[in-house]
4 protein chains.
Amino acid sequence: MPVKPYQQELLLDFRHTREASVKMCQPLFTEDYIPQPAEFTSPPKWNLAHTTWFFETFILEPFDASYELYNKAFPFLFNSYYQWTGERIARNQRGSITRPTVGEVYKYRLYVDNHLEALLQSKLLPHDIINLILIGINHEEQHQELFYSDLKYTFSLNPLYPVYTERAMCEEGNAGDSSFIPFEAGIYEIGYQGNGFCYDNEQPIHRVYLPAFEIREKLVSNGEYLAFINDGGYTNFSFWHDEAWKWLHDNHIKHPLYWQKRGNKWFQYTLAGLRIINEADPLTHISYYEAFAFAQWKGCRLPTEFEWEVASIHISWGDRWEWTESAYLPYPGFNKPTGAIGEYNGKFMVNQKVLRGASVATVNNHSRKSYRNFFHPHLFWQFNGIRLSK
Amino acid sequence: MPVKPYQQELLLDFRHTREASVKMCQPLFTEDYIPQPAEFTSPPKWNLAHTTWFFETFILEPFDASYELYNKAFPFLFNSYYQWTGERIARNQRGSITRPTVGEVYKYRLYVDNHLEALLQSKLLPHDIINLILIGINHEEQHQELFYSDLKYTFSLNPLYPVYTERAMCEEGNAGDSSFIPFEAGIYEIGYQGNGFCYDNEQPIHRVYLPAFEIREKLVSNGEYLAFINDGGYTNFSFWHDEAWKWLHDNHIKHPLYWQKRGNKWFQYTLAGLRIINEADPLTHISYYEAFAFAQWKGCRLPTEFEWEVASIHISWGDRWEWTESAYLPYPGFNKPTGAIGEYNGKFMVNQKVLRGASVATVNNHSRKSYRNFFHPHLFWQFNGIRLSK
Amino acid sequence: MPVKPYQQELLLDFRHTREASVKMCQPLFTEDYIPQPAEFTSPPKWNLAHTTWFFETFILEPFDASYELYNKAFPFLFNSYYQWTGERIARNQRGSITRPTVGEVYKYRLYVDNHLEALLQSKLLPHDIINLILIGINHEEQHQELFYSDLKYTFSLNPLYPVYTERAMCEEGNAGDSSFIPFEAGIYEIGYQGNGFCYDNEQPIHRVYLPAFEIREKLVSNGEYLAFINDGGYTNFSFWHDEAWKWLHDNHIKHPLYWQKRGNKWFQYTLAGLRIINEADPLTHISYYEAFAFAQWKGCRLPTEFEWEVASIHISWGDRWEWTESAYLPYPGFNKPTGAIGEYNGKFMVNQKVLRGASVATVNNHSRKSYRNFFHPHLFWQFNGIRLSK
Amino acid sequence: MPVKPYQQELLLDFRHTREASVKMCQPLFTEDYIPQPAEFTSPPKWNLAHTTWFFETFILEPFDASYELYNKAFPFLFNSYYQWTGERIARNQRGSITRPTVGEVYKYRLYVDNHLEALLQSKLLPHDIINLILIGINHEEQHQELFYSDLKYTFSLNPLYPVYTERAMCEEGNAGDSSFIPFEAGIYEIGYQGNGFCYDNEQPIHRVYLPAFEIREKLVSNGEYLAFINDGGYTNFSFWHDEAWKWLHDNHIKHPLYWQKRGNKWFQYTLAGLRIINEADPLTHISYYEAFAFAQWKGCRLPTEFEWEVASIHISWGDRWEWTESAYLPYPGFNKPTGAIGEYNGKFMVNQKVLRGASVATVNNHSRKSYRNFFHPHLFWQFNGIRLSK
């Protein structure tokens with residue numbers, strides 16, 4: 001049955017995204033799909049099922065009258081945080097659930113995919129549903145990125161240092177001291193202005209007045225950060241926020257998450273195994289606290305998210321999510337959508353910091369200059385880095 | 001010996017502030033000076049000694065060559081959080097220290113006062129020292145405000161509901177539904193512009209672009225908040241931030257801090273004892289989480305700190321510290337001062353929310369439209385309230 | 001090469017035990033081998049590897065000169081609590097380790113088995129080594145029992161209620177009110193007296209004076225315990241120890257671990273899935289706290305471990321580990337062996353309660369009347385039950 | 001009005017005990033009456049009021065028809081742990097309560113004392129009430145002992161090291177290596193056999209069979225313990241229980257509670273201030289964990305409580321409570337009394353260790369060879385020490 005070309009294109013996007021999730025799991029053994037070593041990570045199996053549950057819950061159940069749930073217990077198991085849609089397993093127990101098996105989860109994916117593709121092909125869908133499918137695709141892309149950071153965290157705890165891929169993914173780059181690019185003071189427009197997909201938190205478009213600023217063209221390198229460590233950066237309180245200093249001591253933190261010193265050489269765990277640190281590569285896996293302290297030591301600061309957005313066409317970005325000095329807050333005029341989709345972004349707008357850019361773990365096309373990522377300032381397991389400003 | 005009139009005036013300010021701290025303790029019994037029931041409070045005795053230690057440490061020790069410490073163990077006991085000045089007692093153990101006695105602390109005050117007054121009268125002091133004394137006075141005024149909120153918290157735990165003063169201080173007011181005042185979009189100047197004292201975090205003066213907004217003339221009243229409670233405000237997740245919802249449940253929070261229901265009447269603990277709630281009074285002792293949820297329920301929002309500062313000459317304020325939607329961040333161009341005074345404000349600029357205004361517990365003249373107070377979003381023991389915006 | 005018949009018999013025992021561990025895993029999917037939902041449980045994969053590590057570390061490494069470690073990282077991963085043998089993974093991170101895979105662990109077992117069998121067949125081994133092998137076999141039998149209780153705990157968290165085996169293993173029995181058997185006061189001998197294997201904590205043989213006592217022939221049934229619940233047993237503090245009462249409230253405990261009420265029917269999770277409770281079956285999965293409170297309610301008490309041992313030939317036992325009133329303490333004259341084996345029992349002799357008997361999960365022949373099992377009083381995930389005394 | 005001589009004697013005992021509690025507070029400042037630095041301690045003011053509440057609640061209220069409560073809020077404030085008698089303030093908030101003032105508590109004591117003396121003088125009281133008064137007196141004597149250990153704990157946290165009394169109370173003694181006294185195997189009678197007062201946990205009298213044993217005449221000295229420290233006692237896991245080893249590391253414990261090293265000299269905080277350690281004095285303020293580890297290192301063990309009771313007439317005791325190897329369990333035939341008094345001892349009979357003897361802080365006549373004190377094995381703030389056995 002003929003549908004609008006746009007819907008046809010969406011179908012291809014959907015397929016592509018769904019296939020990509022499966023493909024990135026190919027190097028895994030069944031065992032790797034299960035553990036959740038920290039509350040902030042999720043098991044690969046859970047990711048595969050949760051992204052499927054998203055389509056089932058927000059599209060098939062409400063809009064496909066003939067749809068029957070694949071399994072009535074799955075919503076409890078694979079809901080993440082949506083209060084709207086009912087009870088769910090405690091967040092820190094995702095790693096305790098062995099059934100459904102990995103094979104069964106792949107069947108679940110197939111079942112939902114078939115129904116969703118049939119829906120897309122059956123008739124002209126109203127804008128609301130199209131938009132929900134788009135959110136579902138973007139949601140899955142976010143989980144594809146989390147897949148890498150979560151897997152890396154799990155593997156890093158294992159003294160066997162498992163190799164996900166021999167290609168030293170995610171760790172190479174071109175960073176380090178470079179010139180600062182100046183920008184003039186003035187009023188700038190902020191927020192997503194295109195015709196494609198964006199999240200609700202990237203809008204409304206609004207004006208911001210920025211004083212003159214400078215931003216560095218390149219990211220901070222491992223070598224620069226090493227100089228900070230060697231200069232006693234982790235033992236001088238004056239670079240750190242008060243609560244960062246407490247966090248350092250409570251958690252015995254003395255270097256970036258995956259770094260370790262053997263003899264007098266620094267190594268880091270990567271998805272290609274334990275590797276010697278290349279000083280020219282861009283630094284990664286640090287918390288906001290560390291990013292801020294490093295910037296203080298360097299006599300600089302982190303950019304605000306608005307400076308970053310304005311500067312984005314003049315700098316090289318995309319390898320690391322970049323911590324900004326901005327708190328994650330609603331844009332002027334922002335209103336949470338009603339219903340479950342309203343829980344997507346708005347309810348997290350307190351006590352978190354905005355990151356801008358994208359990382360080597362980000363899916364192609366899942367980045368844009370208005371994209372706002374956000375994490376609590378102590379979290380460090382994403383592929384995040386530092387850009388300096390002044 | 002004759003000194004500049006300005007220094008003479010400072011001397012009077014100093015004396016006035018020091019006397020005020022003593023005067024507000026007059027209704028206390030010795031027993032009341034000791035406890036610290038929560039880490040965020042401090043005992044009255046500690047407050048009296050800590051504000052004294054501040055003058056001793058930052059002015060007398062470095063600038064009065066003949067000064068001898070009153071007691072060498074006191075800096076350990078009465079330093080609050082200044083890493084720069086050395087080790088100090090664990091923050092949560094301030095209530096375990098019975099000696100020096102209250103009487104001894106008053107002697108300590110006298111000793112330091114005499115030396116500081118002598119210094120002020122002895123010669124013309126350079127600007128740096130004058131400024132430090134001004135900070136010391138303002139610092140003591142902040143602790144005078146904390147004195148009331150900390151004492152209220154301690155007393156509220158006691159089923160005898162002790163009375164600090166029969167005058168129902170801090171609780172009466174003139175609040176509730178009122179008109180919204182409109183402001184035009186445009187560029188506004190933010191930050192302290194006068195010639196008097198201000199904290200480093202109120203500067204540099206800088207420009208901010210604000211979209212058009214409206215702000216309510218009066219604060220939210222107890223009656224309005226009661227309507228929120230009666231409408232199920234504490235049981236509907238959609239008004240709350242994700243982490244606020246967790247906080248509600250972990251702490252079994254169902255109403256403002258000092259409220260309790262007896263039969264079908266609501267009471268609140270006040271420094272004049274347990275009193276029936278007057279619906280026309282301004283609401284107080286709520287967290288940011290609650291302020292935000294209430295605003296959501298009301299179909300409004302909290303103002304930003306910039307909106308507040310711009311609007312401040314058109315609204316009635318001064319009874320409650322008012323939560324804003326703004327995160328506590330440095331103004332553009334802010335640099336932490338070097339040395340211990342640099343620890344005063346800068347190191348707290350993460351994960352906190354700005355409050356604007358002042359409260360019934362604020363010392364006269366310790367308020368100005370550019371003043372930035374800040375607390376973590378879950379804290380509720382200050383005299384804070386809600387102003388709505390849209 | 002001919003070896004002593006005794007050694008030949010040991011070889012058969014070894015083989016039998018090693019095969020049994022593998023056999024009990026046959027109903028598992030690979031996913032089931034991984035999780036550790038609570039610190040007191042261990043993953044099946046870890047159990048399989050840890051029991052293998054035990055033979056490798058305590059027999060092959062020290063006594064087989066030609067033996068080479070299968071993998072140098074395994075001791076770190078599969079040591080449980082032996083300080084003597086070096087560093088090991090944090091106890092609560094056993095579920096985070098995906099590699100070695102299950103298949104690799106089976107290879108590790110084969111490798112160690114082959115070497116150990118070769119050692120047993122190569123020459124006449126001294127008594128010390130024979131004894132260590134015996135300990136290794138008994139150690140593995142203990143982990144076989146833990147396999148069932150740990151797996152049941154993991155599966156119970158899953159709303160799909162996985163079935164390990166359709167045979168309703170471990171839950172049927174013959175319990176409930178029965179006559180009490182009287183015993184006379186006098187001196188009795190306690191401790192293992194045979195020629196076979198026993199643990200160090202079952203000796204030395206020693207005398208104990210017991211006042212006259214009576215002990216019930218049969219275990220407490222589900223039905224009896226239900227009467228306790230229905231009579232408000234969980235809400236009357238007078239039956240409970242002070243710290244048990246706190247435990248009840250902190251953990252919201254209102255019934256045995258795996259029980260749940262649906263409508264007005266009680267069900268329990270079993271390794272055969274969720275089943276309606278049969279009132280005649282022996283009660284299981286309760287803490288010492290609950291056992292004690294039930295006995296108080298019934299006007300009885302729990303037996304001491306000495307009473308139990310004396311009575312053991314006159315009662316029916318073997319379905320449930322039975323909580324005793326005795327604390328786990330060394331017998332008079334007990335001395336911890338030196339070296340790592342000394343860590344097996346002695347270092348746990350504080351704050352734990354003795355359990356006597358055996359359970360449906362216990363391997364055949366791994367029970368004897370002198371056997372002393374021990375757990376902290378709040379633990380309830382073993383197949384433990386209640387026998388009354390007075 | 002004439003009453004039985006026995007009742008007259010009880011009256012004198014009552015008066016004497018009540019006066020003693022007041023007298024031991026004479027060196028205190030008002031400030032010292034308030035803090036509770038750890039949950040296991042109680043403020044002096046609370047002790048004074050709680051012992052008064054005991055007489056009010058268990059004697060005056062039920063048995064003196066004309067008695068009126070001094071203040072209806074006091075039972076909530078000064079009940080310790082009696083579920084039977086109703087709600088009470090959280091145990092860890094005793095230090096937050098400033099009112100009633102110390103002076104008011106002394107009035108409360110006077111009020112209750114007058115009523116209780118009047119009751120004792122008014123008529124012949126039945127045995128039950130007499131016994132409750134006796135329990136009340138003994139209860140107050142226990143709190144007199146706790147007064148010293150709690151005050152010492154509070155003062156020890158203060159870098160000013162306050163002096164309670166210049167007389168170096170509680171720290172001098174006559175300890176160290178001495179001969180072991182042998183006892184023959186056999187049946188011994190255990191439990192209180194006199195006509196005076198004893199607690200319910202000291203009975204019933206019962207027989208115990210003891211193998212032959214030896215017990216040291218004198219307590220372990222500071223010097224002996226120092227040798228243990230110097231020999232690496234705190235860093236060799238083989239002396240310690242598994243959970244003791246964890247406790248050591250979690251709490252960074254490297255020496256007894258009040259010891260500190262300055263330069264190369266050891267000091268300890270005493271109620272006479274900070275004093276250099278005298279090696280001949282008996283060791284004090286150690287946990288059971290430490291006592292056990294020391295005994296292991298010395299090649300000895302701790303006595304059981306039964307050995308201790310049997311040996312008590314041949315050894316010198318009374319300076320230190322002595323940890324035994326025995327768990328705190330009911331004697332054969334023990335039954336908890338019904339009602340609130342039944343909560344006095346029975347509900348603590350799990351997870352605690354028995355101590356025998358008495359200490360320098362024990363009130364005269366509040367010691368007897370059958371007395372059973374009990375604490376959790378990690379607690380160390382009592383005046384406890386070590387006696388060796390083998």
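It should be emphasised that the depicted structure is a prediction, and the values quoted were computed from it without experimental measurement. Throughout, protein chains are lettered first and strands after them, A, B, ... in sequence-line order, and every chain is numbered starting at 1.
- Residue B:P43: no heavy atom, backbone or side chain, is found under 4.5 Å from chain D.
- When heavy atoms are compared at a cutoff of 4.5 Å, D:L157 approaches chain B by way of both its backbone and its side chain.
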Extract the chain D to chain B donor-acceptor pairs under 3.5 Å, no hydrogen or angle test applied.
{"from": "D:E31", "atom 1": "OE2", "to": "B:V102", "atom 2": "N", "distance (Å)": "2.6"}
{"from": "D:D32", "atom 1": "OD1", "to": "B:T98", "atom 2": "OG1", "distance (Å)": "2.5"}
{"from": "D:D32", "atom 1": "OD1", "to": "B:R99", "atom 2": "NE", "distance (Å)": "3.0"}
{"from": "D:D32", "atom 1": "OD2", "to": "B:R99", "atom 2": "NE", "distance (Å)": "3.2"}
{"from": "D:D32", "atom 1": "OD2", "to": "B:R99", "atom 2": "NH2", "distance (Å)": "2.6"}
{"from": "D:T98", "atom 1": "OG1", "to": "B:D32", "atom 2": "OD1", "distance (Å)": "2.5"}
{"from": "D:R99", "atom 1": "O", "to": "B:N158", "atom 2": "ND2", "distance (Å)": "2.8"}
{"from": "D:R99", "atom 1": "NE", "to": "B:D32", "atom 2": "OD1", "distance (Å)": "3.0"}
{"from": "D:R99", "atom 1": "NE", "to": "B:D32", "atom 2": "OD2", "distance (Å)": "3.2"}
{"from": "D:R99", "atom 1": "NH2", "to": "B:D32", "atom 2": "OD2", "distance (Å)": "2.7"}
{"from": "D:V102", "atom 1": "N", "to": "B:E31", "atom 2": "OE2", "distance (Å)": "2.6"}
{"from": "D:N158", "atom 1": "ND2", "to": "B:R99", "atom 2": "O", "distance (Å)": "2.8"}

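- Between chain D and the options B:A38, B:P159, B:A90, B:A73, the largest number of non-hydrogen pairs under 4.5 Å is found for B:P159.
- Looking at residues two or more places apart in sequence or on another chain, you find no side chain to side chain contact (heavy atoms under 4.5 Å, CB included) involving B:P62.
- In plain terms, the two heavy atoms of B:P35 and D:I34 that are nearest each other are CG-CG2, 3.8 Å.
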